[in-house]
Protein chains: 2
Amino acid sequence: MEQLDKIDTRILRILQKDAKKTTKEIATMLNLTVSPVYERIRRLESLGYIKQYVAILDKKLINRQVTTICQVSMRYHNEEFIEKFEQEIQKLEEVQECYHMAGQVDFLLKIHVASLDDYHDFVKYKLSKIDNIGVLNSTFVLKEIKHTSEFYI
Amino acid sequence: MEQLDKIDTRILRILQKDAKKTTKEIATMLNLTVSPVYERIRRLESLGYIKQYVAILDKKLINRQVTTICQVSMRYHNEEFIEKFEQEIQKLEEVQECYHMAGQVDFLLKIHVASLDDYHDFVKYKLSKIDNIGVLNSTFVLKEIKHTSEFYI
DNA sequence: TCTGAAATATCTCCTAA
DNA sequence: TTAGGAGATATTTCAGA
């Protein structure tokens with residue numbers, strides 16, 4: 001895998017903040033012409049450095065204002081159950097993030113719903129239906145202090 | 001605040017998955033011409049439904065493969081200390097998410113670094129320098145099972 | 001790898017239904 | 001709110017340094 005040079009890194013920094021910046025604008029910022037910037041972005045995409053371009057929505061406006069962190073521990077820790085759990089989680093649209101953790105708790109989930117009622121339903125009818133869950137501990141987000149998709153590079 | 005109709009919702013769903021889809025492509029998917037789609041996207045942007053467009057990077061390729069969840073509790077819970085903590089967290093580039101939580105733990109942080117050594121340095125020289133931290137509990141992500149910026153709408 | 005230019009496509013805005 | 005069209009702007013490709 002080739003290394004990134006300073007120009008590549010600067011391009012990634014710019015696109016992490018604003019994917020709508022035109023090639024021309026980026027070229028101007030970097031004192032280059034359009035072509036090399038165009039080629040570099042293409043290369044960063046095809047090598048997989050840029051995975052995708054997405055629109056970030058306002059969760060309050062689209063009525064997903066309740067964020068919950070749910071910590072899950074399995075009853076039995078064999079491979080089969082773990083894999084089954086991971087598969088089931090993929091299907092749950094309310095779950096935006098899920099991590100397999102080191103330590104006491106097996107999985108940490110971040111969940112977005114419209115209301116506490118909806119969260120109740122989510123746990124009752126979806127999450128707790130998954131096999132082999134031992135402990136399930138939900139805590140609610142009072143306020144989002146920081147949330148970015150950017151990596152510091 | 002005006003409500004979104006079905007077409008708006010479908011546009012948002014598409015742009016959440018791929019912000020590079022052209023107006024023309026979206027129009028074709030929705031059996032419309034370019035103009036109405038163009039106008040709706042503009043409206044969704046100016047009303048704030050779409051907050052921003054970003055490029056999502058591959059954290060392994062850019063060398064940020066270590067993800068940590070850090071749970072922080074304050075020593076004293078007065079407003080001044082809480083606000084100071086929130087301000088300091090904003091400045092730390094390693095912190096991608098920070099939530100003020102209900103319950104035992106005050107804050108939950110998601111942190112990305114290149115290595116365990118870097119995490120050690122982060123805690124030692126940055127995080128623990130913040131005033132009034134009582135308990136600080138780090139757990140490491142073994143595997144990312146799911147991570148999306150999409151909301152189910 | 002870069003510059004510069006030419007071909008192609010999209011964006012953007014306007015008028016009208 | 002949508003359709004259609006036309007000028008402005010961007011993307012994409014390619015020869016040459």
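Note that the structure is predicted; figures quoted are calculated from it, not measured. Computed over heavy atoms, backbone and side chain alike; hydrogens, waters and symmetry mates excluded. Chain letters run A, B, ... following the sequence lines, proteins first and then strands; every chain starts at 1.
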Nearest listed nucleotide, side chain of [X], among [options]:
X	options	value
B:L32	C:dT12, D:dA10, D:dT2	D:dT2
B:V34	C:dT1, D:dG5, C:dT12	C:dT12
A:T33	C:dG4, D:dA10, C:dT12	C:dG4

Look at the side chain of B:S35 and the base of D:dG4, then say whether one donor and one acceptor between them are separated by less than 3.5 Å.
yes

In this structure, how many angstroms lie between the [atom2] atom of [N] and the [atom1] atom of [X], rounded?
X	N	atom1	atom2	value
A:K24	C:dA5	NZ	C1'	14 Å
A:R42	C:dC2	CZ	C1'	19 Å
B:N31	D:dT2	CG	P	13 Å
A:Y38	C:dA6	OH	P	18 Å
B:L4	D:dT1	CG	C1'	16 Å
A:E39	C:dG4	CD	P	16 Å
A:I41	C:dT1	CD1	C1'	16 Å
A:R40	D:dT12	CZ	P	18 Å

Would you please say whether a donor-acceptor pair under 3.5 Å links the side chains of B:Y53 and B:K20?
no

Polar contact flag, side-chain donor to acceptor under 3.5 angstrom, A:E150-A:Y152
no

Would one find a side-chain N or O of A:T23 under 4.0 angstrom from OP1 or OP2 of D:dT11?
yes

Using OP1 and OP2 only, check whether a side-chain N or O of B:R43 sits under 4.0 Å from D:dT1.
no

Hey, are A:E86 and B:K146 close enough for a salt bridge, meaning a charged N less than 4.0 Å from a carboxylate O?
no

More than 12 heavy atoms of other residues, nucleotides or ligands under 6.0 Å from NZ of B:K143: is that the case?
no

Check the angle between the aromatic planes of B:Y119 and B:F140 and answer parallel, tilted or perpendicular using the 30° and 60° thresholds.
perpendicular

